[in-house]
Every structure is written in C-alpha cells, then in structure tokens.
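For reference, the structure discussed in these notes is given below.
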Amino acid sequence: MKQNLALIALVVANYDDAIAFYTGKLHFTLLEDTVLSETKRWIRIAPPGSTGTCLLLAKATNEEQKSRVGNQTGGRVFLFLHTDDFYRDYQHLLDNGIRIVRPPSIEPYGTVAVFEDLYGNLWDLIQPETA
C-alpha cells in the first residue's frame with residue numbers, strides 16, 4: 001500500500017487576503033484557484049520548490065469555522081516549514097514584516113523559529129539537522 005498526505009485545509013477569513021499573504025510575503029506558489037460557486041473556491045498553495053503536500057485555503061462559512069480562523073490548534077504550532085537555508089528565509093520573514101513569536105534557536109532537531117501567519121496561526125521555520 002502506498003499513501004501520501006496530499007492537502008491540509010487551512011481555514012481563512014478571506015480568500016484574496018490569504019492568497020496575497022502567502023504568495024506575496026511567504027512567496028508560496030499559487031497552484032490552483034478554481035471557482036466552485038458564488039461563495040466557494042478551490043485554492044491550493046505550496047512553498048517554493050515543494051513537490052509534496054500543499055495547503056487548501058478554505059474560507060470559513062459559519063460561526064464555528066470563523067471561530068477557528070487563526071487558532072486551528074488551540075495555540076500550538078500548526079504548520080512546520082522546512083528550509084534548506086534557515087537564515088536566508090528567516091531574514092525574508094523579517095524583511096516582509098512577519099511577526100516572529102520565538103526567535104531562532106538551535107535545537108537537537110535543527111535551527112528553528114516560530115512565526116505567525118496573517119491570522120495568527122503559528123508556524124515553525126526549521127532547517128533540520130542533517131545526520
């Protein structure tokens with residue numbers, strides 16, 4: 001059996017604001033933006049150079065979903081962005097005004113910093129330690 005994780009739904013308040021943040025500030029690639037109805041779009045984004053799992057931007061449509069925007073994991077880090085050059089990408093976050101929640105630290109698993117996306121979801125930027 002072969003399986004893979006294809007998409008992770010990220011609940012957002014506004015499609016266009018989310019696209020602008022992820023493509024403009026994080027330089028993610030917009031892979032697809034398909035209109036499904038007057039209120040629903042199928043939007044897939046991925047980090048530059050990524051060939052694996054991507055994010056599906058899912059607009060909150062009811063009060064329960066709206067309450068999860070920016071806090072999908074109860075305040076824990078939600079997504080983990082691996083990089084091949086930590087300090088290049090960390091500087092890119094700073095240059096784009098991204099809020100850093102925890103500054104860089106060297107951990108047994110690699111170099112890491114925590115940042116927020118436009119809604120307050122927490123991300124780890126990690127350059128994994130090579131074996």
Mind checking whether Asn71 and Arg76 have side chains closer than 4.5 Å, heavy atoms only? no
What are the two closest heavy atoms between Asn121 and Trp123, and how far apart are they? O-CD1, 3.5 Å
Establish whether Leu122 and Phe21 are linked, either directly or via other cluster members, by ILVMFWY side-chain heavy-atom contacts under 4.5 Å. no
Hey, mind stepping through Tyr119 and Arg68 against side chain to side chain contact (heavy atoms under 4.5 Å, CB included) and telling me if it holds? CA-CA 10 Å; Tyr119 296 114; Arg68 301 307 195 273; over 6 Å; no
Expected output: side-chain Gln65 to main-chain Thr61 donor-acceptor under 3.5 Å: yes
Spell out, yes or no, whether Tyr22 and Val69 are grouped together once hydrophobic residues are joined by side-chain heavy atoms under 4.5 Å, including indirect joins. yes
Measuring from Thr111:OG1 to Ile106:CD1, what's the distance to the nearest 0.5 Å? 3.5 Å
What closest approach, in Å, do Ala13 and Lys59 show between heavy atoms, and which atom pair accounts for it? O-CE, 3.6 Å
Kindly compute the distance separating CG (Leu10) from CG (Leu7), expressed to the nearest 0.5 Å. 12.0 Å
Quick check: do Leu30 and Ile43 have side-chain heavy atoms less than 4.5 Å from each other? yes
Salt-bridge contact Asp16-Arg41 (side-chain N to carboxylate O under 4.0 Å): yes
N/O donor-acceptor pair under 3.5 Å between Thr23 side chain and Ile19 backbone: yes
Are Leu94 and Phe28 connected in a single hydrophobic cluster, I mean Ile/Leu/Val/Met/Phe/Trp/Tyr linked by side-chain heavy atoms less than 4.5 Å apart? yes
Which of these, Leu31, Ile8, Thr29, sits in a side-chain contact (heavy atoms from CB on, under 4.5 Å) with Cys54? Leu31
Mind checking whether Phe86 and Pro104 have side chains closer than 4.5 Å, heavy atoms only? yes
Going only through I, L, V, M, F, W and Y residues with side-chain contacts under 4.5 Å, is there a path from Phe80 to Val101? yes
How long is the straight-line distance from CG of Asn14 back to CG of Leu118, given to the nearest 0.5 Å? 9.0 Å
Locate the shortest heavy-atom distance separating Glu129 from Pro108; write the atom from each residue and the value. CB-O, 3.7 Å
Taking all non-hydrogen atoms of both residues into account, name the closest pair between Ala18 and Leu57 and its distance. CB-CD1, 3.9 Å
Are any of the side-chain heavy atoms of Ser105 and Val112 separated by less than 4.5 Å? yes
Apply the test side chain to side chain contact (heavy atoms under 4.5 Å, CB included) to residues Leu26 and Phe115: give CA-CA distance (whole Å), side-chain angles for both, the deciding distance (0.1 Å), then the verdict. CA-CA 11 Å; Leu26 295 184; Phe115 69 94; 4.2 Å; yes
Assigning hydrophobic clusters by single linkage (Ile, Leu, Val, Met, Phe, Trp, Tyr; side-chain heavy-atom cutoff under 4.5 Å), is Val12 placed with Leu81? yes
Would a 4.5 Å heavy-atom cut-off, applied to side chains only, mark Asp85 and Tyr90 as touching? no
Which of Leu125, Ile126, Asp124, Ile100 passes side-chain contact (heavy atoms from CB on, under 4.5 Å) with Val114? It is Asp124
Applying the side-chain contact (heavy atoms from CB on, under 4.5 Å) test to Trp42, which of Thr34, Val35, Asp33 qualifies? Thr34
Shortest non-hydrogen contact between Lys25 and His92, atoms and distance: O-NE2, 2.8 Å
For Ala9 and Gln72 the tightest heavy-atom approach is O-NE2, 3.5 Å
Between Thr53 and Leu5, is there a donor-acceptor pair closer than 3.5 Å when you use the side chain of the first and the backbone of the second? yes
